[in-house]
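I have placed the structure first, in the form of structure tokens, so that the comments after it can refer back to it.
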Amino acid sequence: HGNYLDDLDEPSSMCTKPQSDDHSCDSKLLQLEDRIRDLESRVPKNYPEVKFLTYKDRKRILITGGAGFVGSHLVDRLMLDGHEVSVADNFFTGRKRNVEQWVGHENFELINHDIVNPLYIEVDEVYHLASPASPPHYMYNPVKTIKTNTMGTINMLGLGKRVGAKVLIASTSEVYGDPEVHPQPESYWGHVNPIGPRACYDEGKRVAEALGYAYAKQENVDVRVARIFNTYGPRMHMNDGRVVSNFILQSLQNETITIYGSGKQTRSFQYVSDLVDGLIALMNSNFTEPVNLGNPEEHTIEEFAYLIRDLVGNTNSEVEHLDPMEDDPQKRRPDISRAQKVLKWKPVVPLKDGLQKTIEYFRKELLRSSHSERNIFHPHDLLPESFNKK
Ligand SMILES: O=C(O)[C@H]1O[C@H](OP(=O)(O)OP(=O)(O)OC[C@H]2O[C@@H](n3ccc(=O)[nH]c3=O)[C@H](O)[C@@H]2O)[C@H](O)[C@@H](O)[C@@H]1O
């Protein structure tokens, strides 16, 4: 480094300059700062080690929403597997922080792009995940949510058609609405209020599925549809507003745990690494009908409140019941027999293990006091013990 700075004055001389030379001191300082920045950018980053794939096996993969919660975990897995990964994200709910461990890596590209506008790029596969997914986020801007799921999906299917890429559409358990069939198999058509507060998302995703099959039939696009059930894990946004992150953050901060309504409504939660496995298995399969991806272990929201409070431990949080959410689905649990049969997939991470990892993540996030404490960890660190032993 020494010779790189040779043509600068000794820094100490700047401090002893007379008052009148302040200006030149400042410019020298700026010069020095520029040099340091330049030097820092040359220090090789310590990336997690990725597999090497030959030209034949290496795929160029676009992930829309790749800087989001689920997307960033998918990025980690596909990067480690040795693929070339492009992320398109408009950072509405995604964050650079979720993928910064890969920025600068030769196999990685981060595009600040809103998929409501077309994207011209050469890829083999598209994982189309972009959309706000938390109820408070999608209800905050319902028009944008509908545009993302309709125009955004048309753009991604159009891209698939133009370059011959496979397109996996991230759909949701919300296509079943407030279900009258329990558990929900893929053959169930759902019970959705088309004009309620959740309609922007539920109907947006239903159109996205319809678009997928229309493009498949009319334009021969190779389409996969994943109906994703409730998912949790590290990298959920602090302001996500969904139940797992809310209850964890409330317990960690000794705040009141907020149950909306009676708490007798049920959900079935899967850990994010299980979902990532399922998404990749579905993309690589030849199966074109919708597939539920979720963990069938079902609990009431009230049970989650007490379970999470106990796991966090050492907290004074009280549990309080607030008004129910309008159109809140009363029960939800995936029938995963299709995924088990056609993908040989089933979730493997026990709820308690996944929750512990998520609690640990939020605990660290709350203690973070500077930007330099970055969100960089080896992706394997995120997997629960039981997953590593698999
Ligand atoms: O997490 C997900 O994967 C799903 O989250 C939402 O669906 P929802 O099941 O309503 O998710 P939450 O907002 O986490 O709510 C779950 C239940 O907890 C309740 N809740 C939520 C937050 C809270 O602080 N307290 C509380 O009781 C809700 O009323 C609801 O009954 C999205 O709409 C789905 O698309 C998405 O797939």
Side-chain angles (χ1 to χ4, degrees), residues 65 68-71 73 93 129-140 142 145 148-149 169-179 184 190 192-193 196-206 208-209 226-233 235-253 255-272 274-276 278-279 292-295 298-309 317-334 347 351 354-355 358:
F69 158 52
V70 172
H73 288 284
T93 54
L129 268 52
S131 170
S134 157
H137 290 166
Y138 61 66
M139 290 177 197
Y140 169 77
T145 303
T148 305
N149 282 296
I169 294 173
S171 184
T172 168
S173 58
E174 294 263 331
V175 299
Y176 303 123
D178 189 4
Q184 295 80 52
V192 172
N193 175 0
R198 302 174 92 93
C200 57
Y201 187 72
D202 299 8
E203 297 290 14
K205 290 291 187 185
R206 286 167 71 98
E209 289 196 14
R227 290 191 180 148
I228 302 172
F229 282 66
N230 296 64
T231 306
Y232 70 99
R235 294 193 188 140
M236 291 183 92
H237 203 291
M238 295 279 263
N239 300 327
D240 184 278
R242 277 178 286 190
V243 73
V244 171
S245 49
N246 272 8
F247 286 0
I248 292 178
L249 284 166
Q250 288 162 345
S251 303
L252 284 171
Q253 298 175 105
E255 289 168 2
T256 306
I257 296 178
T258 54
I259 293 184
Y260 303 153
S262 69
K264 301 295 176 214
Q265 69 272 36
T266 68
R267 292 294 186 275
S268 313
F269 273 94
Q270 74 182 323
Y271 190 66
V272 65
D274 281 334
L275 172 60
V276 166
L279 291 172
N292 286 341
L293 295 176
N295 190 323
E298 183 182 3
H299 292 278
T300 66
I301 293 305
E302 199 168 40
E303 285 164 5
F304 273 114
Y306 291 105
L307 174 63
I308 290 174
R309 194 176 70 171
S317 292
E318 306 276 344
V319 175
E320 193 189 336
H321 290 259
L322 305 180
D323 287 343
M325 294 257 284
E326 196 182 335
D327 289 347
D328 200 0
Q330 289 308 297
K331 46 193 180 314
R332 184 182 290 158
R333 172 176 159 194
L351 183 63
L355 283 175
T358 314

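Ligands are counted one by one from 1 in listed order, and the atoms in each one are counted from 1 as well. Any value given below was found using the heavy atoms of this structure, including those in side chains, with hydrogens, waters and symmetry copies removed.
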Problem - Nearest neighbour in protein (non-hydrogen) for atom 25 (N) of ligand 1 - result: T258 O, 2.6 Å
Handout entry: Any F247 heavy atom less than 4.0 Å from ligand 1
Key = yes
Fill in the blank from the handout: Closest to atom 11 (O) of ligand 1 by heavy-atom distance, out of I228, N230, V243, is N230
Practice task
Could you establish whether R332 and ligand 1 come within less than 4.0 Å of each other, counting only heavy atoms on the residue side?
Solution key: yes
Completion exercise
Of M325, R242, E326, E320, the residue with the heavy atom nearest atom 13 (O) of ligand 1 is R242
Problem - E203 side chain to Y201 backbone, donor-acceptor under 3.5 Å - result: no
Problem - Element-labelled atoms of ligand 1 that are located less than 4.0 Å from some non-hydrogen atom of T231 - result: 1 (O), 2 (C), 3 (O)
Practice task
Report the distance from atom OG of S262 to atom NE2 of H321, rounding to the nearest 0.5 Å.
Solution key: 7.5 Å
Handout entry: Distance, nearest 0.5 Å, that separates CD1 of I301 from CD1 of I259
Key = 8.0 Å
Fill in the blank from the handout: Here the atoms of ligand 1 under 4.0 Å from any heavy atom belonging to D328 are 28 (C), 29 (O), 30 (C), 31 (O)
Problem - contact_flag Y138 ligand 1 heavy-atom lt 4.0 Å - result: yes
Handout entry: Residue pair L307 / L351, side-chain heavy-atom distance below 4.5 Å
Key = yes
Fill in the blank from the handout: Looking only at protein heavy atoms, what sits closest to atom 17 (C) of ligand 1 is I301 CD1, 3.5 Å
Handout entry: atom 34 (C) of ligand 1: nearest protein contact (heavy atom, Å)
Key = E174 CG, 3.6 Å
Exercise for the section: Name the closest protein heavy atom to atom 10 (O) of ligand 1, giving the residue it belongs to and the distance to 0.1 Å. Expected result: R198 NH2, 2.7 Å
Exercise for the section: Verify whether one side chain among Y176 and N292 offers a donor that lies under 3.5 Å from an acceptor in the other. Expected result: yes
Exercise for the section: Please could you name the atoms of ligand 1 that I259 approaches to less than 4.0 Å, counting only its heavy atoms? Expected result: 27 (O)
Completion exercise
Closest to atom 37 (O) of ligand 1 among protein heavy atoms sits T172 OG1, 3.7 Å
Handout entry: Nearest protein heavy atom with distance in Å, relative to atom 22 (C) of ligand 1
Key = Y260 CE1, 3.3 Å
Exercise for the section: Could you check if a side-chain atom of E320 sits within less than 4.5 angstrom of a side-chain atom of L322, using non-hydrogen atoms only? Expected result: yes
Handout entry: For atom 16 (C) of ligand 1, closest protein heavy-atom neighbour
Key = R267 NE, 3.6 Å
Practice task
Flag the pair R267 and D328 as a salt bridge only when some basic side-chain nitrogen lies within less than 4.0 angstrom of an acidic carboxylate oxygen.
Solution key: yes
Practice task
Taking the side chain as every heavy atom from C-beta outward, state whether I228 and T172 have any atom pair closer than 4.5 Å.
Solution key: no
Exercise for the section: Could you tell me whether the side chain of F229 reaches within less than 4.5 Å of the side chain of L275, counting heavy atoms only? Expected result: no
Fill in the blank from the handout: Counting from 1 in the order shown, the ligand 1 atoms closer than 4.0 Å to a non-hydrogen atom of A133 are 6 (C), 32 (C), 33 (O), 34 (C), 35 (O), 36 (C)
Exercise for the section: Report the nearest protein non-hydrogen atom to atom 6 (C) of ligand 1: residue, atom name, distance rounded to 0.1 Å. Expected result: P135 CD, 3.6 Å
Practice task
Answer yes or no: is there an ion pair linking R227 with E209, defined by an N-O contact shorter than 4.0 Å?
Solution key: yes
Problem - Heavy-atom check, side chain of L279 versus side chain of V70, under 4.5 Å - result: yes
Exercise for the section: Would you check if there is a donor-acceptor pair between the side chains of Q270 and T231 at a distance under 3.5 Å? Expected result: yes
Practice task
Could you tell me whether K205 and E174 make a salt bridge, using a distance below 4.0 angstrom between a side-chain N and a carboxylate O?
Solution key: no
Handout entry: Min heavy-atom dist Q250 to ligand 1 below 4.0 Å
Key = no
Problem - Under 4.0 Å to a heavy atom of N246 - the qualifying atoms of ligand 1, by number - result: 22 (C), 23 (C), 24 (O)
Exercise for the section: Taking only heavy atoms of Q265 into account, list the atoms of ligand 1 that are under 4.0 Å away from them. Expected result: 29 (O), 31 (O)
Handout entry: Proximal ligand 1 atoms for Y201, defined as those under 4.0 Å from one of its heavy atoms
Key = 33 (O), 34 (C), 35 (O)
